Asks: 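Quick one: structure below, then a few questions.
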2 protein chains.
Amino acid sequence: MPCNRTSYVILGILSIEPNKSGYDIRKAVESSVGYFWSESYGQIYPTLKQLAAEGLIVPSKPASAPKKRRQEYSLTNTGRACLRDWLATPFQNDPPRNEFLLKLFFGREAAPGVAIAHVRNLQQKNEQMLATMLQIEAFAHAPSTQNPHQPYWMLTLSLGIALTRAAIEWGKSALEELVSMDAVGAQDPQSAEVGPAAGKA
Amino acid sequence: MPCNRTSYVILGILSIEPNKSGYDIRKAVESSVGYFWSESYGQIYPTLKQLAAEGLIVPSKPASAPKKRRQEYSLTNTGRACLRDWLATPFQNDPPRNEFLLKLFFGREAAPGVAIAHVRNLQQKNEQMLATMLQIEAFAHAPSTQNPHQPYWMLTLSLGIALTRAAIEWGKSALEELVSMDAVGAQDPQSAEVGPAAGKA
DNA sequence: CGTGGCATGTAAACGGTTACATGATTTA
DNA sequence: TAAATCATGTAACCGTTTACATGCCACG
């Protein structure tokens, strides 16, 4: 009866590939869902104990090298059922927290070049991210891997690519706008009403 | 010397419009940066005390109605300097946590219609969000409001619009793909049935 | 007079990161 | 044998949400 997301991430990873240790799971999270999720050891190890106590996973020693100080886990049937239940319930995304947008929103208060620097910084990160995502996509298009999960993985990847591309396009015009604002010149701060958004029905 | 983001959000809001209470600040956050930030009373009220103790804001009674049980605050010079310092330092966005993408990633484990339902759910949310954002944009284009902050606010808005549009476009093709996957799966006698519950090693 | 909104706060619980501690195993 | 990496775990701390408690004020 877990309710925290860490549990489900672990169950999900183990549903794809059993016999993983806490260490493995962390690596797997990083390299698979790393662009939209993360887990730390401080979460993983206690949660593994808890899941085992609840019977959703079972510990086992590695068959190949049973002497190693290494504890592997696999899904039980109830664990798999639990994962499926969670998958079938509506998602609820966390309230977004974007420090970049926050600094841009208050950008008027800062020195003229500050917002520009932030946008350039974001552009750089996004371009790098796009490049690696495209690499992954290209690699996945190779006909070698026939994996039943692949279509779902590709969908998450293509959303990432689409969003990053949109952000980069936005960044280009935002930079133009900010540069032209700088050229026009700075004015002294005044109070005004706080906006926008609000519509607030 | 604050370092938590709540402090800076409060300073930022007060930099735009002084003489706000904790209650006001919460409303202002919701209606201005609400699409990419949020603060709860449990954060705001203690932080206000702390900021006042540090001399970054000053409490005052409302001039119009000094009898009201209401504590307003305004920025001090050091408070404004502190805000500016923070604005000038590089942003670092939180590791993203997207439950939708998580459920999509593990979608193969669920019943066939589950991923489709999630995407449709997301589409609906995004379309509604886009509509309200466009409304705000239209409203802001009215020549009435001449506000020095407006260009920065509009930039955050236009990023929101761009990202949401991209997500909606992605959603359309994702739905097509998922529907066709379902159709193929239904035809294929072996992969049609249960997922990896019985099989899948 | 009662309801709903304004307004301020606090305590508990939760989720999560970070830093630390420890030691085994592999490889150079 | 030294260094890197595999591997497990814990304790402290931080940020955040939630639920709760309180009471004022305006309006019908």
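Chain letters run A, B, ... following the sequence lines, proteins first, then strands; residues in each count from 1. Given the structure is predicted, the values throughout are model-derived calculations rather than measurements. Just so it is clear, the values below take in all heavy atoms, side chains as well, and ignore hydrogens, waters and symmetry mates.
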Asks: Does OP1 or OP2 of D:dG15 have a side-chain N or O of B:Thr47 closer than 4.0 Å?
Replies: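 False: B:Thr47 side-chain N/O out of range (4.0 Å or more) of D:dG15 OP1/OP2.
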Asks: Answer yes or no: is there a donor N or O on one side and an acceptor on the other, between the side chain of A:Arg84 and the main chain of B:Ala111, under 3.5 Å?
Replies: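 No, A:Arg84 side chain to B:Ala111 backbone: no donor-acceptor pair under 3.5 Å.
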Asks: Name the pairs: protein N/O against N/O of nucleotides 18-21 of chain D, kept only if under 3.5 Å.
Replies:
none

Asks: How long is the line joining CD1 of A:Ile10 and C1' of C:dG16, in whole Å?
Replies: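 From A:Ile10 CD1 to C:dG16 C1': 13 Å.
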Asks: With a 4.5 Å cut-off on side-chain heavy atoms, are A:Leu102 and A:Phe106 touching?
Replies: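 A side-chain contact under 4.5 Å exists here.
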Asks: For A:Gly171, is there any backbone N or O sitting under 3.5 Å from a side-chain donor or acceptor partner on A:Glu176?
Replies: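 Such a contact is absent between A:Glu176 side chain and A:Gly171 backbone.
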Asks: Can you tell me if the side-chain N/O atoms of B:Lys49 get under 4.0 Å from OP1 or OP2 in C:dG9?
Replies: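 Checking C:dG9 against B:Lys49, a side-chain N or O does come within under 4.0 Å of OP1 or OP2.
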Asks: Let me know the distance between CZ of B:Arg5 and P of D:dT17, rounded to the nearest Å.
Replies: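 It is 11 Å, rounded to the nearest whole Å.
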Asks: Side chains of B:Gln43 and B:Thr6: any donor to acceptor distance under 3.5 Å?
Replies: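 B:Thr6 vs B:Gln43: donor-acceptor pair found between side chains.
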Asks: Is B:Gln71 reaching over with its side chain to a backbone N or O of B:Ser21, donor-acceptor style, under 3.5 angstrom?
Replies: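 Between the backbone of B:Ser21 and the side chain of B:Gln71 there is no qualifying donor-acceptor contact (under 3.5 Å).
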Asks: Calculate the interatomic distance between A:Arg70 atom CZ and C:dG23 atom C1'; express it in whole Å.
Replies: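 For the pair A:Arg70 CZ and C:dG23 C1', the rounded distance is 16 Å.
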Asks: Enumerate, atom names and distances included, each donor-acceptor pair closer than 3.5 Å involving a side-chain atom of residues 48-60 of chain B, sequence neighbours excluded.
Replies:
none

Asks: Starting from the first five and the last five pairs of the helix from C:dC1-D:dG28 to C:dA28-D:dT1, work out the angle between the resulting helix axes, to 10 degrees.
Replies: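 Computed angle between terminal axes is 20°.
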Asks: At a heavy-atom distance below 4.0 Å, what parts of residues 89-100 of chain B sit against DNA chain D?
Replies: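 Output list: empty, so none.
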Asks: I need the CD-C1' distance between B:Glu39 and C:dG9, as an integer number of Å.
Replies: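 After rounding, the gap between these two atoms is 16 Å.
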Asks: Hey, can you pull the donor-acceptor pairs under 3.5 Å for the side chains in residues 131-139 of chain B, sequence neighbours left out?
Replies:
residue  : atom : partner  : partner atom : Å
B:Thr132 : OG1  : B:Tyr35  : OH           : 3.0
B:Thr132 : OG1  : B:Met129 : O            : 2.9

Asks: Is the backbone N or O of A:Phe100 less than 3.5 Å from a side-chain atom of A:Asn98, with the two atoms forming a donor-acceptor pair by type?
Replies: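 Pair found, side chain donor or acceptor close to backbone of A:Phe100.
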Asks: Is a donor from one side chain sitting under 3.5 angstrom from an acceptor on the other, for A:Asn19 and A:Ser74?
Replies: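 Looking only at side-chain atoms, A:Ser74 and A:Asn19 do form a donor-acceptor pair, the distance falling under 3.5 Å.
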Asks: Is A:Asp94 reaching over with its side chain to a backbone N or O of A:Pro96, donor-acceptor style, under 3.5 angstrom?
Replies: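 Here the side-chain-to-backbone pair does not exist.
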Asks: Taking atom P of C:dT8 as reference, at what distance in whole Å does atom CD1 of B:Ile44 sit?
Replies: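 Checked: the CD1 to P distance equals 10 Å.
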Asks: Do side-chain atoms of A:Tyr73 reach the backbone of A:Ile10 as a donor and acceptor pair under 3.5 angstrom?
Replies: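 Not a single qualifying donor-acceptor pair exists.
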Asks: Is A:Lys125 close enough and on-axis enough to B:Phe91, meaning under 6.0 Å and within 45°, for cation-pi?
Replies: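 That pair qualifies as a cation-pi contact.
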Asks: So if I take every side-chain heavy atom of B:Thr6 and compare against D:dT8, D:dT16, D:dG15, which nucleotide ends up nearest?
Replies: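 For the B:Thr6 side chain, the nearest candidate turns out to be D:dT16.
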Asks: To the nearest angstrom, how far is B:Glu72 atom CD from C:dT8 atom P?
Replies: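 It is 9 Å, rounded to the nearest whole Å.
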Asks: Looking at residues 24-37 of chain A, who's got a heavy atom less than 4.0 Å off DNA chain C?
Replies: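 DNA chain C contact set from residues 24-37 of chain A: none.
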Asks: How close or far is atom C1' of C:dC6 from atom OH of B:Tyr23, stated in whole angstroms?
Replies: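 After rounding, the gap between these two atoms is 5 Å.
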Asks: What is the separation between atom OH on A:Tyr73 and atom P on D:dA7, rounded to the nearest whole Å?
Replies: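 It works out to 14 Å between those atoms.
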Asks: Does A:Arg70 make a cation-pi contact with A:Tyr23 (under 6.0 Å, within 45 degrees of the axis)?
Replies: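 Ring-cation test returns no.
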Asks: Quick check for you: among D:dG15, D:dA7, C:dG15, whose closest atom lies nearest to any side-chain atom of A:Tyr45?
Replies: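 When the side chain of A:Tyr45 is considered, D:dA7 is the closest of D:dG15, D:dA7, C:dG15.
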Asks: Within 45 degrees of the ring normal and closer than 6.0 Å to the centroid, is that where the cationic atom of B:Arg97 sits relative to A:Phe36?
Replies: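 Ring-cation test returns no.
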